[in-house]
There are 2 protein chains.
Amino acid sequence: MSTPERLIEATRELLWERGYVGTSPKAIQQQAGAGQGSMYHHFAGKPDLALAAIRRTAEEMRATAEGVLGGPGSPYERVEAYLRRERDVLRGCPIGRLTMDPDVIANDELRAPLDETLDWLRERLAGLVEEGRERGEFAPSLDGEEIAATIVATVQGGYVLARASGSTAAFDAGVRGLLSLLALNSPARLDG
Amino acid sequence: MSTPERLIEATRELLWERGYVGTSPKAIQQQAGAGQGSMYHHFAGKPDLALAAIRRTAEEMRATAEGVLGGPGSPYERVEAYLRRERDVLRGCPIGRLTMDPDVIANDELRAPLDETLDWLRERLAGLVEEGRERGEFAPSLDGEEIAATIVATVQGGYVLARASGSTAAFDAGVRGLLSLLALNSPARLDG
DNA sequence: GTCTATAGCACGATAGAC
DNA sequence: GTCTATCGTGCTATAGAC
């Protein structure tokens, strides 16, 4: 792996683990096995490197989500697959966690990938919910964009509950609760 | 206000704004208008001061939640009042945001208040949901603890969505979506 | 109780040799 | 491209005068 590659990967790991404020250039260099001068040769500085890392993580997250949301099954089944997909729950969401970082939020360039990714996810889910509503899988009174926001928020908040308690139980409970609510008024769903 | 008081309040503000990793003793001293020696006279160090600040914020959050959850109205109405209560959405949750702080999660003493507070909140809501279910306000198939986890997660995740987008819209959408799901199978609720 | 002084180290970045 | 050296600043904390 090339040095810029290793620097980006090291930054991705550290941003996930410790956030932007908690990640130092020195730590990145050590994790990447690269020297000081090497890092500053390939990147303008910490914000520049973080931007590359965040963009890659955002792309990866979109691809992972699309893999499930664009997969087989009815809209409800795909939403369920998204909610139940395997996650490193106690590590949290590598994109969502950055929203709590003051220096990321203060920098529009760093914030943009977060906004775009979560916005894309909500719109993707909203379309799926609308489709499911037309099929009678979801109650007609539901609003696709609102339910999509609830779904994404439940996942993001699930990470918070899990990390606070040091256990994945609360995340799983939140997901099960949401699925039970979504299954209401959906006779087909209560069969299985 | 006494010096220890001012130091705790300054720490609460900074922890909310910048998290534990992003908050320095120097910044605390400046915000509190206290000197270096003064801070170390009253507190053992940054973790000790943070613990006092976090405990106070946790207590305050419990009291605020109890004010709504223990208020007037049916269980559904009290859950709705909790979800719709005024919040400083773009600032995020002063307790929830700390779960993304690696140094807080690594320190059991600092993590404990977060765990206890969110756990209390979930149990309080779970009891309310169970009560509402017995009254026919919520579907019989729902599980109190699961729905409680979904409610708290929706709020915590709503903050994430709001901060990513720089707007409160997504938080509000998530709350409306959850309320519409909770109102399903509750004929009384669809009247109004 | 509060102050200033100082410690030892890490921060984020630049300079310039190789 | 990568290295070491260095910069000026800020970190967390201690010491000791007042």
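Throughout, a chain's letter reflects where its sequence line sits, starting with A, and its residues are numbered from 1.
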Participant: Residues two or more places apart in sequence or in another chain: which of them pass side chain to side chain contact (heavy atoms under 4.5 Å, CB included) with Ala81(B)?
Facilitator: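 For Ala81(B), the residues satisfying side chain to side chain contact (heavy atoms under 4.5 Å, CB included) (neighbours in sequence not counted) are Val68(B).
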Participant: According to the side chain to side chain donor-acceptor pair (under 3.5 Å) rule, which pairs have a member within residues 53-69 of chain B, sequence neighbours left out?
Facilitator: Glu5(B)-Arg56(B), Glu9(B)-Arg56(B), Arg12(B)-Thr57(B), Arg12(B)-Glu60(B), Arg62(B)-Thr117(B), Glu66(B)-Arg124(B)
Participant: By the side chain to side chain donor-acceptor pair (under 3.5 Å) test, which pairs, at least two apart or in different chains, include something from residues 164-182 of chain A?
Facilitator: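 Sorted pair list: Arg176(A)-Glu146(B).
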Participant: Residues of residues 105-114 of chain A with any non-hydrogen atom less than 4.0 angstrom from an atom of DNA chain C: list those, numerically ordered, please.
Facilitator: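 None - not one residue of the stretch has a heavy atom sitting under 4.0 Å from the strand.
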Participant: Please enumerate all residues that pass side chain to side chain donor-acceptor pair (under 3.5 Å) together with Asp103(A), with sequence neighbours excluded.
Facilitator: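 Result, side chain to side chain donor-acceptor pair (under 3.5 Å) vs Asp103(A): Arg18(B).
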Participant: Rounded to whole angstroms, how far apart are CZ on Arg18(A) and C1' on dC11(C)?
Facilitator: 13 Å
Participant: For nucleotides 1-13 of chain D, just jot down a letter per nucleotide in 5' to 3' order: B, S or -, based on protein non-hydrogen atoms under 4.0 Å.
Facilitator: BBBBB-----SBB
Participant: Give the rounded distance in Å between these two atoms: CD1 of Ile28(A) and C1' of dA13(C).
Facilitator: 13 Å
Participant: Taking side chain to side chain donor-acceptor pair (under 3.5 Å) as the definition, give me every residue that meets it alongside Arg122(A), ordered by chain and number, with sequence neighbours left out.
Facilitator: Asp119(A)
Participant: Short question: side chain of Glu77(A), backbone of Ser74(A) - any donor-acceptor pair under 3.5 Å?
Facilitator: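 Here the side-chain-to-backbone pair exists.
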Participant: Under the side chain to side chain donor-acceptor pair (under 3.5 Å) rule, collect the residues that match up with Glu145(B), sequence neighbours excluded.
Facilitator: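 Here no residue qualifies.
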Participant: Which residues satisfy the side chain to side chain donor-acceptor pair (under 3.5 Å) test with Arg84(A), sequence neighbours excluded?
Facilitator: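 In terms of side chain to side chain donor-acceptor pair (under 3.5 Å), with neighbours along the sequence ignored, Arg84(A) is linked to Glu80(A).
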